[in-house]
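Presented below is the structure to which this report refers.
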Amino acid sequence: MKRLLLALFCFLSFSVYANEPAATTAEATDTEDFKPGEMILHHIGDAHEWHFATLGSEEHGTHLTIPLPVIAYRPTQGLSVFSSSRLAEGKVYDGLKLEHEHLESEDGSKVYDFSITKNVASLMLSAALLLLVFTAVARGYAKRGSGAPRGIQSFFEPIIVFIRDEVAKKSIGPKYERYMPYLLTIFFFIWFNNLLGLLPGGANLTGNIAVTLTLAVLTLLITLFSSNKNYWHHIFATPGVPKALLPIMIPVEVIGIFVKPFSLMVRLFANITAGHIVTLSFISLIFIFRNIGVAPVSLAFGLFINTLELMVAILQAYIFTLLTAMYIGGAVEEHHDADYQIGGGDGAEQAHAHGH
């Protein structure tokens, strides 16, 4: 088992090489100063093609790349659909060109980019994987009922039960069941994509702020549409606060409604992106110092950080799910429970404990 885990860690550490053409780095050390910032941004950014590696030189080598569909709409030209292989950096096709992965029109007209980029393709892949895995889990429950789980069901059942008992029930209370599908979906979606981002050639999907923003907005909408009058009473007439202070407290409470999902967005984005940046920074030290003696130390630290990312992957999924459940719980709790949360977040947990 230890050997299997060691092999897995080493395999996942190769992602720092798979997403950046090796020859580009090697050539940079010979001809010009190596630019780690450009290399790191290329790795964590989105792209119109899915690039895995370059074998040989940058100009004459073999590029392991999957071209993706470019879908662009221009009010003056209409819809254009073609392969991204026709749009190498600097080249023009059908009046369109790529400038640092931004699709632009040659004549300067407005372009609406609906392309299937690397992150979008990764999103589709993870969605298909989630459907495949949990369809198999659902079939297991339908077949065996309350019997002992087997196969893939036996792996995921403890995690599902943990989210139900330790997250949903304790944070939301008696109404937890209606929110379980959403909580399970965001937990496994974030976890799966965090892990996929560590694979060789993987996309940095959960390190894309547009993705984390969408997840945070979904949490905000569910919280607001689930809220009861007690929730709004605590915002606009906070118990125990003198009326003279309400003009100060109300804006603070309203701002807090939006700060909570904002923190969800930034936390997930920053933690996942930081892991990629730190790992690539250690690898870049080899080419910055141009000394083979630095390689063992850089690789060791890079592998260590990449190993930590395996734990961060599930930890960030858990934190996002737990905080989402707590926000929903605060919006749906009844008056007899709400009295306990005057003291703050810990009071809310005590309220649920007393309520059960």
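The structure presented is a predicted model; accordingly, all values stated were derived computationally and were not measured. For the numbers below, each heavy atom of this structure counts, side chains included, while hydrogens, waters and symmetry mates do not.
In the hydrophobic clustering of this structure, L132 does not group with F189; members are Ile, Leu, Val, Met, Phe, Trp, Tyr whose side-chain heavy atoms approach within less than 4.5 Å, directly or through other members. Clustering ILVMFWY residues whenever any of their side-chain heavy atoms sit less than 4.5 angstrom apart, transitively, puts I163 in the very cluster that holds L315. Residues V259 and Y231 do not share a hydrophobic cluster, clusters being chains of Ile/Leu/Val/Met/Phe/Trp/Tyr side chains in contact below 4.5 Å. Taking hydrophobic clusters as Ile, Leu, Val, Met, Phe, Trp and Tyr residues chained together by side-chain heavy-atom distances below 4.5 Å, L218 shares a cluster with I172. Hydrophobic clustering of Ile, Leu, Val, Met, Phe, Trp and Tyr side chains at less than 4.5 Å, counting indirect connections, keeps I328 apart from L221.
Proximity of a side-chain donor or acceptor of Y182 to a complementary backbone N or O of T219 within less than 3.5 Å is detected. Panel note: side chain S226, backbone T223; no donor-acceptor pair is recorded below 3.5 Å. The backbone N or O of G302 lies less than 3.5 Å from no partner atom in the side chain of N306, so there is not a single donor-acceptor pair. Between the side chain of T212 and the backbone N or O of L268 there is no donor-acceptor pair closer than 3.5 Å. Of the possible donor and acceptor atoms, none in the side chain of S171 sits under 3.5 Å from a partner among the backbone N and O of G329. A donor-acceptor pair under 3.5 Å is absent between the side-chain atoms of S122 and the main chain of K118, judged by distance alone. Within the 3.5 Å criterion, the main-chain N or O of L224 finds a donor-acceptor partner in the side chain of S227. The backbone N or O of L68 lies less than 3.5 Å from a partner atom in the side chain of S84, making a donor-acceptor pair. Here the side chain of N119 pairs no donor or acceptor atom with the backbone of D46 at under 3.5 angstrom. Of the possible donor and acceptor atoms, none in the side chain of N193 sits under 3.5 Å from a partner among the backbone N and O of T206.
Note that CD1 of I152 is 10.0 Å distant from OG1 of T135, once rounded to the nearest 0.5 Å. Interatomic distance, M326 CE to T321 OG1, rounded to the nearest 0.5 Å: 13.0 Å. Atom CZ of R164 and atom NZ of K170 lie 12.5 Å apart (nearest 0.5 Å). Atom NZ of K175 and atom CD of E333 lie 10.0 Å apart (nearest 0.5 Å). A distance of 8.0 Å separates CD1 in I186 from CG in L264, rounded to the nearest 0.5 Å. To the nearest 0.5 angstrom, H102 atom NE2 is 13.5 Å from K97 atom NZ.
Side-chain atoms of Y141 and E157 include a donor-acceptor pair closer than 3.5 Å. Side chain to side chain, T117 and S115 fail the donor-acceptor criterion of an N or O pair below 3.5 Å. Donor-acceptor pairing under 3.5 Å is lacking for the side chains of Y73 and S80. Side-chain contact check for W50 and T65: no donor-acceptor pair (N or O, by modelled atom type) lies under 3.5 Å.
Within a 6.0 Å sphere centred on CG of L79, heavy atoms belonging to other residues, nucleotides or ligands number more than 12. Within 6.0 Å of CZ on F301 lie no more than 12 heavy atoms contributed by other residues, nucleotides or ligands.
Checked against side-chain hydrogen bond (donor to acceptor under 3.5 Å, both in side chains), S154 has no partners two or more places apart in sequence or in another chain.
For the pair S126 and L196, the tightest heavy-atom approach, listed with the atom from each and the gap, is CB-CD1, 3.9 Å. Nearest approach of P181 to T185, heavy atoms of both residues: O-OG1, 2.6 Å. Across all non-hydrogen atoms, the minimal contact from I116 to M124 is CD1-CE, 3.7 Å. For the residue pair L310 and L195, the shortest heavy atom distance occurs at CD2-CD2, 4.1 Å. Taking both residues in full, the closest heavy atoms of P247 and P251 are given as O-CD, 3.0 Å, listed atom of the first, atom of the second, then distance.
The aromatic rings of F188 and F156 lie perpendicular to each other, with more than 60° between the two planes, well past the 30° mark. The aromatic rings of Y112 and F114 lie parallel to each other, their planes meeting at an angle below 30°, with 60° marking the opposite boundary.
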Where do L129 and L125 land on the side-chain contact (heavy atoms from CB on, under 4.5 Å) test, with the steps shown first?
-> CA-CA 6 Å; L129 183 60; L125 176 63; 5.6 Å; no
Give the C-alpha distance, both sets of side-chain angles, the deciding distance and a yes or no for side-chain contact (heavy atoms from CB on, under 4.5 Å) between L215 and M265.
-> CA-CA 7 Å; L215 295 175; M265 174 190 71; over 6 Å; no
Candidate pair Y176 and V167, rule side-chain contact (heavy atoms from CB on, under 4.5 Å), full reasoning = CA-CA 9 Å; Y176 77 93; V167 176; over 6 Å; no
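A heavy-atom distance below 4.5 Å is not found between the side chains of L96 and E106. In this structure the side chain of N194 never reaches within 4.5 angstrom of the side chain of V312, judged on heavy atoms. For the pair N230 and V332, the minimum side-chain heavy-atom distance is 4.5 Å or more. At least one side-chain heavy atom of F155 sits under 4.5 Å from a side-chain heavy atom of I159. A heavy-atom distance below 4.5 Å is not found between the side chains of H48 and L87. Side-chain contact between L213 and F269 is absent, with no heavy atoms from C-beta onward closer than 4.5 Å. Counting heavy atoms from C-beta on, the side chains of I319 and L323 come closer than 4.5 Å. Inter-residue side-chain proximity for L220 and I257 is flagged as met; some heavy-atom pair is nearer than 4.5 Å.
Taking the six-membered ring for Trp and the full ring otherwise, the centers of F82 and Y93 sit less than 6.0 Å from each other.
Residue pairs meeting the ring-ring contact (aromatic ring centres under 6.0 Å, His included) criterion with at least one member in residues 302-326, sequence neighbours excluded: F162-Y318.
For the salt bridge (Lys or Arg N to Asp or Glu O under 4.0 Å) with R74, the qualifying choice from D113, D94, D107 is D94, the only one to do so.
Under the 6.0 Å distance and 45° angle rule, K260 does not count as a cation-pi partner of F258.
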